Structures are given as structure tokens and as C-alpha cells.
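Notes for the one structure printed next.
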Amino acid sequence: MVEERHPISVNEAVEKCMQHAITNTVESVSLHDANGRVLAEDLIATHDVPYFDRSPYDGFAIRAVDSSEASEQHPIAFRVVDEIGAGDRSEVKLAPFEAVRIMTGARLPEGADAVLMLERTEETEEGFKTSSQLKPGDNLSLTGEDLREGELILHKGETITPGVIAVLATFGYAQVSVYRKPIIGLIATGSELLDVDEPLDGQRIRNSNGPMIQAQANQINVECRVYQATEDHLSSLTHHVQQALKEVDCVVTTGGVSVGDFDLLPAVYEAIGAEVLFNKVAMRPGSVTTVAVKEGQFLFGLSGNPSACFTGFELFARPVLKKMMGDGKPYLPQSTATLDEPFKKYNPFTRFVRAIYQETVHGGRIAPAGFNKSNAISSIARSNAILVLPDGSEGWQTGDKVTVLHTDRMQGDATWTN
Ligand SMILES: Nc1nc2c(c(=O)[nH]1)N[C@H]1C(S)=C(S)[C@@H](COP(=O)(O)OP(=O)(O)OC[C@H]3O[C@@H](n4cnc5c(N)ncnc54)[C@H](O)[C@@H]3O)O[C@H]1N2
Ligand code: MOO
Ligand SMILES: [Mg+2]
């Protein structure tokens with residue numbers, strides 16, 4: 001008798017996963033290794049930026065009042081009393097009609113309240129003359145104009161980007177508090193699997209899911225430890241899964257979750273005493289995606305069919321892994337787009353179609369990325385998004401508004417609604 005499975009909705013399945021996901025502990029990493037990591041503390045400005053008034057131009061620091069009568073007919077002459085570059089500090093205090101030659105980024109000398117660009121001056125023996133009138137505050141980069149001391153810049157849970165690295169460096173963070181990254185143990189199961197460098201033999205196929213999952217994990221900044229692709233034998237598969245559980249944070253398998261004679265993952269979960277959260281989801285592809293937990297560790301049983309495997313990782317593994325590493329926006333970003341061609345299949349389950357999304361001046365447009373069955377690999381390669389078609393419909397027309405999940409973008413704060 002084939003086991004009867006009871007499908008749950010996709011949102012319910014995601015919810016179950018997220019309820020079990022626990023954020024990892026915090027660790028300190030060097031600033032140089034912090035890009036892409038998730039901040040484990042709020043980032044607050046510890047001083048004003050800039051922290052001194054400075055010149056935004058190469059020019060002359062002057063007292064604006066001295067230039068108030070300047071005109072083409074009556075240029076005003078200034079005497080240059082000092083010269084400073086960025087990082088220097090002039091000790092002079094400007095007297096009337098005195099100027100300090102100052103370069104971009106240098107601290108404004110005392111008494112100066114405006115900067116005249118070099119291009120607005122004409123050199124004289126004593127200094128320069130100008131026909132430009134300046135007001136106090138003209139051409140200055142003022143203390144705190146960028147950030148104020150005490151200002152909240154980023155919340156914990158936000159991802160460190162190159163821009164955040166710049167801010168961290170500005171405030172002297174040589175070390176940064178981030179959430180520890182989970183490590184995935186990756187096991188591609190199936191006696192039919194050849195390594196990528198092995199020749200074809202007429203009945204076996206190359207393991208494409210393993211490298212694909214590894215790349216999907218890398219895309220969200222998670223590393224995989226790859227366990228040798230495993231033959232469909234219960235004892236060796238159980239052994240590999242148990243070994244991986246000892247060495248990594250969670251285990252991702254592909255293949256062997258359906259009801260076939262050699263689909264052994266259900267038996268593995270039973271053998272190791274893992275709690276199966278679900279083993280049937282009302283979705284296509286990936287209906288047999290199974291997620292289990294064992295003492296807080298996740299086991300993602302992704303389908304062997306490549307498109308189902310890809311989709312299962314994006315929908316379930318990705319948000320869990322992101323939550324584990326403290327990411328406050330763990331879901332795929334979503335938007336609404338206009339369907340560019342009809343999609344005529346009856347949907348008993350919510351359908352996730354690999355698709356090509358384009359941004360146009362009239363908004364987003366989306367079309368399926370070709371051959372789109374559960375076993376397809378071509379459409380995964382062509383796609384940059386997943387088109388979500390809710391269950392229960394007879395089909396969609398060109399022009400219909402549909403939900404899009406962006407697999408080429410990093411962060412989203414909600415699951416889709418359907
Ligand atoms: N009687 C039923 N048969 C099937 C059902 C069902 O409900 N009743 N579900 C179908 C669905 S839906 C899917 S999806 C697949 C799921 O299969 P499994 O997850 O058990 O995966 P396998 O049987 O191991 O392989 C399926 C397919 O994928 C190929 N594969 C496996 N691993 C890889 C890999 N690493 N790289 C590339 N391709 C891989 C494998 O050769 C098979 O062709 O079951 C349906 N059957
Ligand atoms: O899990 Mo299957 O991919 O629904 O076709
Ligand atoms: Mg199978």
C-alpha cells in the first residue's frame with residue numbers, strides 16, 4: 001500500500017519551517033570578512049560625520065563678508081597666509097582679506113566661513129583676487145551634515161553591504177558583531193547519479209542538483225559541505241545523514257522523498273527519529289518536498305526533480321537559513337507583474353513557474369521561461385524569477401496581474417499572499 005500523504009498549503013509549510021528556525025549565536029568577525037554578513041547589533045553613529053567643518057573643494061577658505069562687494073568690475077584681493085591639504089590643520093585665525101589655501105577634505109581654519117573654488121580666483125603676487133561674492137556657509141561641508149552622533153544607521157538583522165562596510169570603517173569597527181552563518185551538509189541521493197566529470201553511460205545522469213543547491217546557498221552567503229552523492233541504500237544513506245548532522249547545522253538532501261521503491265528519505269527520518277514537519281505541499285513542482293527536524297537541526301528533503309529541487313530550496317530552505325543567520329528579511333522579494341503570455345493549465349495546487357521578469361517603463365512584465373515541468377533544467381537556467389499562480393484556477397490570460405518572486409534579488413520581508 002502506498003502511503004497516503006496530506007498536502008498542506010505553501011504558506012502553512014513556510015510558517016511551520018519558520019516557527020522551528022532559531023537564530024544562531026553571535027560572533028565577531030574582522031571588518032574585511034564582514035561583507036554579506038548580518039549585523040548582530042544596532043549600528044549607531046559614535047560621532048558626527050564629518051566630525052569637523054571641512055572644505056568640499058580645492059580652493060581658498062575665506063571670511064564671506066570680505067567678498068561681499070566683489071564684482072566683475074571690482075574684484076577683491078586676498079592675501080594667502082597658509083596652505084593646507086586634507087589631514088592638515090592650520091593654526092592661523094583669519095584676519096580681514098586673508099585666506100588659507102585649502103584642499104578638499106581639509107579642516108576649515110578658524111575665522112573662515114566659506115570656501116572659494118580655485119576656478120573662481122585669479123592668482124596675484126600676494127595671493128589671488130576674485131569677483132565672486134560668497135555668503136557665510138557657502139561651499140562648506142559641515143559637522144554632522146551626513147550623520148549625527150547617536151543616530152541609528154542600521155538595525156541589527158540588516159545585511160552588511162559595501163556601503164555598510166564604509167560606515168563601519170568610518171566608526172573604527174575593526175571587528176564586527178554578526179550572526180554565525182549556518183553550514184549546510186549537502187547530500188545528493190540517487191544510484192543514478194554521476195559526478196560532473198564522469199562520462200554518460202546510457203542510463204545514468206550527472207548530478208546537477210548538488211552543484212545547483214551549492215550555488216543557491218552561496219547566493220545567500222551560506223557554505224555547503226558536500227557529502228559524496230549517495231547510492232539508494234538505507235544503511236549508508238542513514239549513516240551519511242547522521243554523520244552530517246554531527247558536523248553541520250542542517251542537512252539538505254535531494255531525491256528520494258517520493259513514494260518509489262528507492263525513495264529512502266522517509267525511512268531515514270524514521271530511523272534517526274526526526275520529526276517530519278510536512279511531506280506533501282499543495283504546490284507544483286515540489287509537492288513531495290519534505291522538511292524534518294531533529295533536535296533543532298533541519299533536514300530539508302528536496303525533490304530529485306531539478307525544478308522541484310530549485311523551488312523547494314528557494315521557498316523553504318532559503319528563509320530558514322536566512323533566519324538562522326539573523327536576517328530580518330529572509331523571504332524572496334516579491335512584486336506584481338503583468339503576464340506576457342497566457343498560461344492555460346488547470347492548477348489543483350499553487351504553481352511556481354520559472355519565469356523571465358523584465359522591468360519596463362509600464363511596470364514589470366513576466367513570461368514563463370520555456371519547458372516548465374518538474375524535471376526541467378532549461379527553464380531554471382533561463383529564469384530570473386518565479387511566477388506564482390494560485391491553485392483553483394482554469395488558467396491565466398495575457399495581461400493578468402500576477403505575483404512574482406525574485407530569485408535574483410536578496411531580501412524580502414513577507415511571504416506572498418494568495
Ligand atoms: N507514484 C508517484 N510517483 C511520483 C510521485 C507521486 O506522488 N506518486 N511524485 C512525483 C513527483 S511530484 C516528483 S517531484 C518526483 C520526486 O521524486 P524524488 O524526490 O523521490 O526524487 P528521485 O526519485 O530520487 O528522482 C526524481 C527524478 O530526479 C532525478 N534526479 C534525482 N537527483 C538528481 C540530481 N542530483 N541531479 C539531477 N537529477 C536528479 C532522478 O534521476 C529522477 O529523474 O517523484 C514523482 N513520482
Ligand atoms: O514534487 Mo513534483 O515536482 O510536484 O512534480
Ligand atoms: Mg523518487
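Just so you know, ligand 1 is whichever comes first in the structure, and atom 1 is the first atom listed for that ligand. Bear in mind that the values here come from a model prediction, so they are computed numbers and not experimental data. One is the number of the first residue; the rest follow in order along the sequence.
By heavy-atom distance, the residue among Ser258, Gly301, Pro211 lying nearest atom 9 (N) of ligand 1 is Ser258. Of the listed options Asn305, Asp232, Thr290, Asn305 places a heavy atom closest to atom 43 (O) of ligand 1.
For CD of Glu198, the number of neighbouring non-hydrogen atoms (other residues, nucleotides, ligands) closer than 6.0 Å is greater than 12. Within 6.0 Å of the CD atom in Gln358, the count of heavy atoms belonging to other residues, nucleotides or ligands does not exceed 12.
Every atom of ligand 1 is numbered from 1 in the order shown, and the set under 4.0 Å from a heavy atom of Asp263 is 20 (O), 23 (O). Heavy-atom contacts of Ala308 reach the following atoms of ligand 2: 3 (O) (cutoff under 4.0 Å). Every atom of ligand 1 is numbered from 1 in the order shown, and the set under 4.0 Å from a heavy atom of Ile205 is 37 (C), 38 (N), 39 (C), 41 (O). Using a 4.0 Å cut-off to heavy atoms of Pro285, the atoms of ligand 2 that qualify are 3 (O), 4 (O). Of all atoms in ligand 2, numbered sequentially from 1 with element shown, those under 4.0 Å from a heavy atom of Val288 are 1 (O). Taking every non-hydrogen atom of Asn207 and a distance limit under 4.0 Å, the qualifying atoms of ligand 1 come out as 34 (C), 35 (N), 36 (N). Less than 4.0 angstrom separates some heavy atom of Gly255 from each of these atoms of ligand 1: 19 (O), 21 (O), 24 (O). Those atoms of ligand 1 that come under 4.0 Å of a heavy atom in Leu193, given as number and element, are 32 (N), 33 (C), 34 (C), 35 (N). Close approach of ligand 1 to Ser374 is summarised as follows: ligand atoms under 4.0 Å from at least one heavy atom of the residue are 14 (S). Under a 4.0 Å criterion applied to the non-hydrogen atoms of Arg284, ligand 2 contributes the atoms 4 (O), 5 (O).
The N/O atoms of Val257, backbone and side chain alike, include one that comes under 3.5 Å of an N/O atom in ligand 1.
Looking at atom 2 (Mo) of ligand 2, its nearest protein heavy atom turns out to be Gly286 N, 3.5 Å. Nearest non-hydrogen protein atom to atom 29 (C) of ligand 1 is Gly304 O, 3.6 Å. Closest to atom 34 (C) of ligand 1, if we only count protein heavy atoms, is Asn209 ND2, 3.3 Å. Nearest protein neighbour of atom 1 (O) of ligand 2, counting heavy atoms only, is Ser287 N, 2.6 Å. For atom 24 (O) of ligand 1, the closest non-hydrogen atom of the protein is Gly256 N, 3.0 Å. Protein heavy atom closest to atom 14 (S) of ligand 1, with residue, atom name and distance, is Ser303 OG, 3.1 Å. Of the protein's heavy atoms, Ser374 OG, 2.4 Å lies nearest to atom 3 (O) of ligand 2.
Residue Val259 touches ligand 1 through its side chain alone, judged by heavy-atom distances below 4.0 Å. The residue Asn375 has no part lying near ligand 1, judged by heavy-atom distances below 4.0 Å.
Taking 4.5 Å as the limit, some side-chain heavy atom of Gln228 sits within range of a side-chain heavy atom of Asp195. A heavy-atom distance below 4.5 Å is not found between the side chains of Thr189 and Leu264. At least one side-chain heavy atom of Val81 sits less than 4.5 Å from a side-chain heavy atom of Leu94. The side-chain heavy atoms of Val288 and Arg5, taken from C-beta on, include a pair separated by under 4.5 Å.
Checking Phe298, Phe278, Phe310 one by one against Phe316, the ring pair (Phe, Tyr, Trp, His ring centres under 6.0 Å) holds for a single residue, Phe278. No option in Lys181, Arg180, Arg225, Gln297 other than Arg180 meets the side-chain hydrogen bond (donor to acceptor under 3.5 Å, both in side chains) test with Asp249.
Not a single donor-acceptor pair under 3.5 Å links the side chain of Arg284 to the backbone N or O of Ser374.
A perpendicular orientation is assigned to the rings of Tyr357 and His406, their planes being inclined by more than 60° (bins at 30° and 60°).
Contact analysis puts Ser287 in contact with ligand 1, with a non-hydrogen atom separation below 4.0 angstrom. At least one heavy atom of Ser208 sits under 4.0 Å from some atom of ligand 1.
In summary, the aromatic rings of Phe78 and Phe60 are positioned with their centroids too far apart to meet the 6.0 Å limit.
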Practice item. Begin from the C-alpha positions of Arg37 and Asn221 and carry the test side chain to side chain donor-acceptor pair (under 3.5 Å) through to its verdict. Key: CA-CA 8 Å; Arg37 302 297 298 270; Asn221 210 10; over 6 Å; no
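Under the 3.5 Å distance criterion, with hydrogens and angles disregarded, no donor-acceptor pair is assigned to the side chains of Gln334 and Thr403.
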